[in-house]
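Following: one structure in structure tokens, then a few remarks.
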Amino acid sequence: MPAAPGVPAAPGVSGVSDTRVMPADAAVWTRGLTKEYGPRRVVDHLDLFVPAGALSGFVGPNGAGKSTTLRMLLGLVRPSAGEAFVLGEPVTSPEDYLDRTGAMIEGPTFHPGLSGRRNLEQLALLRGVGRGSGLGHRRRARRERIDEVLAQVGLAGRADDRFGTYSLGMKQRLGIAAALLPRPKLLILDEPTNGLDPAGIREIRTLLRDLAGTGMTIFVSSHLLSEVEQICDHLVMIRSGRMLFQGHVADLLAAEDPRILMVPERDDDAERLAAVLGSAGLRTEIEMADEARSLPTLVERHPVVVAHAPDGLAAGINRLAMRAGITLRSIRTHRPNLEETFLRATGDVDGDLTMRGGAT
Amino acid sequence: MINSFRSEWVPLLRPRFLFGTVAAVAAVAALGAMLTIFSAGSTDFDGDPVTVAMLAAPSGISEGLEAVTILLGVVALSVTAATLAGEYSRGTLRNQLVAQPHRLRLLAGKVLALAVFVVGVVLAAAVVAVALSFALAPVKGIPTDQWASLSGLAALGKSLVNVSLGSLGYAVVGALAAVVLRSPAAAIAVGLAYALPVEMLVSRIYSPAAGWLPMHLMEVFSVGGTGYATPYQQAGLRVGVFCAVAALLTALMFRRRDVTA
Ligand SMILES: Nc1ncnc2c1ncn2[C@@H]1O[C@H](COP(=O)(O)OP(=O)(O)O)[C@@H](O)[C@H]1O
Ligand SMILES: [Mg+2]
């Protein structure tokens, strides 16, 4: 029976589909999370869901509000409105979940005059790492834990050098080591690959994948989707503080409309090819491609038949064309990657340009 | 809080910082001892005559230390402001708050460690000042037998307590400036500007205000009230109230404000 207009449903009636009830597997869950700095709304009614035990990406251009959101999740910044829960506890009492949370926010920040190891020691003392054992044991347990995390991030060799002398990559790794100190269930990293060279980025990716393999929940932000799309199971995309997309990476890709682009040898065959594919149940259209755009003296325009189909169908489509006596000058598959999806979603690039630039 | 206290010693004990601070304080203390001893037979800063007999009294043992209370206060204010504000400006505070989200516990541990550090600094200064006073006394023919007497040691103890408390008062101002301004340079500049020129100007323009200006009262308190209009107990009470208010403001701001640095 449909509810009468204007009458809100009784709470709890709608059961599992009720978005106001926190799912049991949520590591991070927010409703209407908002932060205003003066008149500026920096984070705007975010409804986040970060599943436990997965590697989730948090993507948005610079200034989108990622760091501000993460700061709210860590109790560093007070939300202006909305509610947020981390590991089942409200962010208003961070002491209830931060003992199980490791974090690096907006770059690695340590004391430049202290060695990497001493910096970790300060944080280990603060966290009470090795608590519960005797005094001598405690010190040993702390030392061992520090050595462990240093080895984990590959910094053991330079641990006794001053932080000020570290390269950016080493600083980032020390930041991750510090976040790992409490053996966290939840690891929150803000742009850990920022400023790294490709080799450094690969190292961090491998490290994150390994950590995720141990069952740790990881929430990692980046302003570049390409840096996290290969490793993430789950993705949150924001822009100007608002949610753009949230869900499984696979869902996003499936929603994206992969295409196969064909150029028949004879222009006249284009319509016939489109008809053949159409009768096979594929949605098709014909576009005029300006293939010689870069060579103005050789202007040669060929019609392109575009079939909306995943690349797995390319061979079958080729076979259909051959059976119909149509020879193809070229056949290309185009699977837009997440970056293009993202750019299109954010309106930075129009679909056509994205498609042409990203053809594979 | 004990965790926070212990962890704060890691940066405080870094060799460069420790050596720099102790060297500065030793120099200040040496200056105080020399000026005091060599002023025998002439006049002190305020133009009052200083005699060998005055310095030979039991309280003479700590005259050198007391001569530099303001400078020790400046060191205490600077160290506190630089340490606390540095955590904001470097961004290390956010790491610490993730490790110890209970903000007041974090602050209490830090402040306690800084207080012990400041008292340590005063003790170091006392050692230098007293040792140098003993060494230089024969030059001016000042007898030191009363210094080493029981009442001399009592005078030294009282002086140590007063100078330590005075320096801690300066440190409270440094902590407040650090939490408000969140930048070491700004905190030290504003803290010292207030402590020295601003109060002096105010008391010049309106002299009765001197009885209520906190930094001035700290100085009065530090030297045991001798030679000032405001009595020792009253100065102590007013300084205590002022420090309590400043500490409350510091704690409130540290607890309430967003950590965006
Ligand atoms: N303390 C602050 N006061 C005012 N504006 C801020 C403050 N912190 C961040 N902002 C603004 O909020 C926006 C989002 O910042 P941020 O969360 O750092 O974005 P991101 O991490 O996605 O790059 C930016 O436009 C930034 O200028
Ligand atoms: Mg950021």
Side-chain angles (χ1 to χ4, degrees), chain A residues 35 37 42 67-68 70-80 89 91-99 101-115 117-131 138 142 162-164 174-175 178-179 181-182 184 188 190, chain B residues 1-21 79 82-114 117 179 182-184 252-261:
Chain A
K35 181 67 191 181
Y37 284 117
V42 169
S67 301
T68 304
L70 297 180
R71 280 176 188 273
M72 286 193 279
L73 296 180
L74 294 168
L76 296 173
V77 162
R78 215 176 280 267
S80 306
E89 309 288 346
V91 291
T92 44
S93 47
E95 57 274 16
D96 290 342
Y97 60 85
L98 284 184
D99 54 341
T101 305
M104 175 173 82
I105 295 297
E106 280 190 308
T109 49
F110 292 97
H111 212 296
L114 292 172
S115 69
R117 189 190 301 279
R118 290 293 281 166
N119 270 299
L120 290 186
E121 193 147 338
Q122 187 186 4
L123 293 173
L125 278 167
L126 197 50
R127 280 198 180 266
V129 169
R131 209 174 10 211
R138 200 180 306 171
R142 201 166 55 231
R162 291 198 304 126
F163 177 74
L174 187 66
L181 268 178
I188 292 180
D190 192 14
Chain B
M1 195 183 92
I2 188 73
N3 287 340
S4 162
F5 176 77
R6 291 182 66 198
S7 85
E8 189 62 22
W9 286 102
V10 175
L12 280 179
L13 292 181
R14 66 191 191 276
R16 278 186 200 195
F17 177 75
L18 195 62
F19 181 77
T21 310
V79 164
T83 303
L84 277 181
E87 306 283 13
Y88 280 102
S89 65
R90 267 195 310 275
T92 38
L93 184 63
R94 59 180 186 254
N95 296 347
Q96 294 170 12
L97 279 173
V98 170
Q100 170 51 282
H102 213 292
R103 291 196 186 185
L104 288 185
R105 274 182 215 164
L106 181 68
L107 182 66
K110 277 180 180 300
V111 164
L112 198 61
L114 281 166
F117 188 82
V179 171
R182 296 182 277 193
S183 133
L252 273 179
M253 285 213 192
F254 190 81
R255 198 176 117 80
R256 295 280 312 175
R257 270 168 133 193
D258 285 347
V259 178
T260 55

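Protein chains get the first letters and strands the later ones, always in sequence-line order, with residue 1 at the start of each.
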Contacting moiety of [X], where chain A heavy atoms sit under 4.5 Å:
X: B:Arg90; result: both
X: B:Leu106; result: side chain
X: B:Arg256; result: both

Taking every non-hydrogen pair under 4.5 Å, which of [options] racks up the most with chain B?
options: A:Met72, A:Glu121, A:Glu106; result: A:Glu106
options: A:Met104, A:Glu95, A:Arg78; result: A:Arg78
options: A:Leu181, A:Ile105, A:Leu74; result: A:Ile105

Report the distance from atom [atom1] of [X] to atom [atom2] of [Y], rounding to the nearest 0.5 Å.
X: A:Arg127; Y: B:Ser4; atom1: CZ; atom2: OG; answer: 13.5 Å
X: A:Thr109; Y: B:Glu87; atom1: OG1; atom2: CD; answer: 9.5 Å
X: B:Arg14; Y: A:Arg162; atom1: CZ; atom2: CZ; answer: 10.0 Å
X: A:Gln122; Y: B:Asn95; atom1: CD; atom2: CG; answer: 9.0 Å
X: A:Leu76; Y: B:Arg257; atom1: CG; atom2: CZ; answer: 14.5 Å
X: B:Leu97; Y: A:Arg71; atom1: CG; atom2: CZ; answer: 10.5 Å

Heavy-atom side-chain proximity of B:Thr260 to A:Tyr37 below 4.5 angstrom: yes

B:Val98 vs A:Thr101 side-chain heavy atoms within contact, under 4.5 Å: no

What residue in B:His102, B:Gln96, B:Gln100, B:Arg105 has the most heavy-atom pairs under 4.5 Å with chain A? B:Gln96

Name the region of A:Leu114, side chain, backbone, both or neither, that has any atom closer than 4.5 Å to a heavy atom of chain B. side chain

